[in-house]
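Notes for the one structure printed next.
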Amino acid sequence: WTMIFLSFFKTLVGKEVAVELKNDVVLTGTLHSVDQYLNVKLINVQVVEPQKYPQLVALSNCFIRGSVVRFIQINPQHVDVQLLQDAARKENAPAAAAAATTQKSSTTIKPKA
């Protein structure tokens, strides 16, 4: 699943996103990059509640470790649903084929008594 998310987020590079961290800080900015650990780099960063987090107001670019992200909000218009569905099908195809093969091979034939 990580590969699906990575591929999906790579399609969002250059788009505006909001990232909520596990410590309740919410940052908005343009997604600059994402890696296999789902670490993200934002540019043109703004803090959603600057009065609550004045120490972050001067931030313009930031790197966010994937493990501290609670969720990422994206504009629904930026989601290519067909691409996401196709990727999920491709990701699950090998598992479904293996399950079908296992099920066929586990069929037993009882000899007549």
Side-chain angles (χ1 to χ4, degrees):
W1 284 102
T2 302
M3 292 308 293
I4 290 176
F5 286 115
L6 177 59
S7 298
F8 172 68
F9 280 115
K10 284 189 174 193
T11 68
L12 298 173
V13 168
K15 306 286 195 266
E16 193 75 19
V17 296
V19 180
E20 182 174 326
L21 307 180
K22 290 180 180 176
N23 65 356
D24 297 326
V25 172
V26 181
L27 303 169
T28 61
T30 304
L31 183 63
H32 182 266
S33 63
V34 61
D35 66 16
Q36 71 269 22
Y37 302 105
L38 301 180
N39 299 320
V40 296
K41 182 176 180 186
L42 297 180
I43 56 176
N44 305 319
V45 176
Q46 294 184 339
V47 182
V48 171
E49 296 181 274
Q51 70 286 355
K52 193 172 178 182
Y53 305 104
Q55 70 276 21
L56 300 176
V57 172
L59 220 64
S60 61
N61 302 319
C62 68
F63 175 86
I64 303 170
R65 184 181 167 120
S67 64
V68 301
V69 173
R70 182 174 291 148
F71 61 84
I72 298 177
Q73 290 180 311
I74 55 175
N75 186 327
Q77 295 173 337
H78 298 313
V79 179
D80 185 342
V81 176
Q82 188 63 47
L83 182 68
L84 198 53
Q85 288 174 341
D86 290 346
R89 282 190 200 100
K90 287 177 187 174
E91 181 79 16
N92 289 324
T101 303
T102 303
Q103 189 176 21
K104 287 178 185 176
S105 65
S106 65
T107 306
T108 57
I109 300 172
K110 294 181 183 178
K112 292 184 180 180

Closest approach of [X] and [Y], non-hydrogen atoms and distance?
| X | Y | result |
| --- | --- | --- |
| Thr28 | Ala18 | CG2-CB, 3.9 Å |
| Val13 | Ser33 | CG2-CA, 4.4 Å |
| Ile74 | Val79 | CD1-CG2, 3.4 Å |
| Val48 | Pro50 | O-CD, 3.2 Å |
| Leu42 | Leu31 | CD2-CA, 4.0 Å |
| Leu6 | Gln36 | CD2-CA, 3.9 Å |

CD-CG distance between Glu49 and Leu27, expressed to the nearest 0.5 angstrom: 11.0 Å

Measure the spacing between CG of Asn61 and OG1 of Thr30 and express it to the nearest 0.5 Å. 9.5 Å

Using side-chain heavy atoms (C-beta onward) and a distance below 4.5 Å, is [X] in contact with [Y]?
| X | Y | value |
| --- | --- | --- |
| Phe9 | Val40 | no |
| Leu56 | Val25 | yes |
| Ile72 | Leu12 | no |

Short side-chain to backbone donor-acceptor contact, Lys22 and Ser67, under 3.5 Å: yes

Would a hydrophobic clustering, with Ile, Leu, Val, Met, Phe, Trp and Tyr connected at side-chain separations under 4.5 Å, put [X] with [Y]?
| X | Y | value |
| --- | --- | --- |
| Leu59 | Tyr53 | yes |
| Val26 | Leu38 | no |
| Val45 | Phe63 | no |
| Phe5 | Val68 | yes |

Knowing that exactly one of Asn23, Asp24, Leu21 qualifies, which makes a side-chain contact (heavy atoms from CB on, under 4.5 Å) with Arg70? Asp24

Inspect the surroundings of CD in Gln46 and state if more than 12 heavy atoms from other residues, nucleotides or ligands are less than 6.0 Å away. no

